[in-house]
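No hydrogens, no waters, no symmetry mates; every other heavy atom, side chains included, goes into these values. In this chain, numbering begins with 1 at the start of the sequence shown.
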Amino acid sequence: MTKADSFGFNIYDTYFIIATNDLIILFSFLFGIIGLGYWTMLKANRKLSKWLNFTHIVLTFGGILIIWILSQLYRESIEEFDFNDNLTFAIYSIALITVFGQIIYPINIVSGLIKSKPSG
């Protein structure tokens with residue numbers, strides 16, 4: 001990938017083109033914010049739910065990995081339209097689950113702030 005590469009997707013009749021470099025910066029910023037939240041909770045000596053942490057991490061990285069793997073399966077033949085259509089639906093579904101799974105992060109942070117401080 002180079003800075004000249006771009007990522008494009010369409011929604012109905014509108015095509016959105018995003019430079020790969022901008023997408024990398026966006027993801028870095030988002031992961032930095034998430035990491036800062038976890039680090040702040042660690043420094044504030046607040047206990048987070050291990051189950052919610054695990055779920056958030058699996059949905060974030062697992063969803064991205066599955067989307068990347070599925071995107072490699074696209075077929076070039078015009079006769080495979082149904083396969084590509086179903087594959088696109090699967091990718092969008094997993095992306096939606098991954099995005100909605102990010103709601104777990106603020107729930108975990110708020111629940112960690114509400115819980116009493118661990119002794120010790």
Side-chain angles (χ1 to χ4, degrees):
M1 298 183 108
T2 65
K3 288 184 178 183
D5 288 341
S6 61
F7 173 76
F9 62 96
N10 69 320
I11 298 176
Y12 298 106
D13 291 335
T14 305
Y15 283 88
F16 297 95
I17 309 295
I18 302 171
T20 305
N21 198 31
D22 293 339
L23 198 58
I24 290 169
I25 291 169
L26 174 68
F27 282 144
S28 299
F29 184 72
L30 291 175
F31 281 123
I33 290 172
I34 291 170
L36 183 65
Y38 282 129
W39 179 81
T40 302
M41 295 300 286
L42 180 69
K43 290 299 180 185
N45 200 22
R46 296 294 185 158
K47 191 78 171 157
L48 295 174
S49 168
K50 289 181 183 181
W51 182 81
L52 288 175
N53 278 346
F54 179 75
T55 305
H56 177 244
I57 291 169
V58 166
L59 284 176
T60 301
F61 292 107
I64 292 170
L65 181 64
I66 291 171
I67 289 170
W68 179 77
I69 290 170
L70 290 177
S71 69
Q72 303 302 311
L73 299 176
Y74 271 105
R75 298 185 180 161
E76 298 297 323
S77 172
I78 194 69
E79 293 126 12
E80 302 295 336
F81 179 75
D82 287 337
F83 178 80
N84 285 345
D85 196 32
N86 292 334
L87 193 59
T88 301
F89 178 74
I91 289 172
Y92 284 151
S93 299
I94 293 169
L96 189 64
I97 291 169
T98 302
V99 168
F100 281 131
Q102 300 313 301
I103 295 171
I104 294 171
Y105 173 73
I107 291 171
N108 197 10
I109 297 292
V110 169
S111 71
L113 290 172
I114 291 172
K115 287 182 195 173
S116 63
K117 241 183 171 178
S119 59

Please set out all donor-acceptor pairs under 3.5 angstrom arising from side-chain atoms of residues 62-73, sequence neighbours excluded.
| from | atom 1 | to | atom 2 | distance (Å) |
| --- | --- | --- | --- | --- |
| S71 | OG | I67 | O | 3.4 |
| S71 | OG | W68 | O | 2.7 |

Inset, instruction - Could you work out the complete set of other residues in the hydrophobic cluster of V58, with links drawn between I, L, V, M, F, W and Y side chains under 4.5 Å apart? - result: F54
Inset, instruction - Check whether L42 and I109 end up in the same hydrophobic cluster, where Ile, Leu, Val, Met, Phe, Trp and Tyr are linked by side-chain heavy atoms less than 4.5 Å apart. - result: no
Inset, instruction - Run through the side-chain heavy atoms of Ile, Leu, Val, Met, Phe, Trp and Tyr, join any pair under 4.5 Å, and report what else lands in I103's cluster. - result: W51, L52, L59, L96, I97, F100, I104, I107
Inset, instruction - Rounded to the nearest 0.5 Å, what's the gap from CG on D22 to CD1 on I17? Could you check? - result: 12.5 Å
Inset, instruction - Would you mind listing the cluster partners of L36? Hydrophobic ones only (ILVMFWY), side-chain contacts under 4.5 Å, chaining allowed. - result: W39
Legend entry - Where at least one partner belongs to residues 102-111, residue pairs that pass side chain to side chain donor-acceptor pair (under 3.5 Å), sequence neighbours excluded: N53-N108, H56-Q102, T60-Q102
Inset, instruction - Report the residues that fulfil ring-ring contact (aromatic ring centres under 6.0 Å, His included) with F31, sequence neighbours left out, ordered by chain and then residue number. - result: F61
Legend entry - All ring-ring contact (aromatic ring centres under 6.0 Å, His included) counterparts of F16, not counting sequence neighbours: F9
Inset, instruction - Enter the distance from I25:CD1 to T20:OG1 here, rounded to the nearest 0.5 Å. - result: 11.0 Å
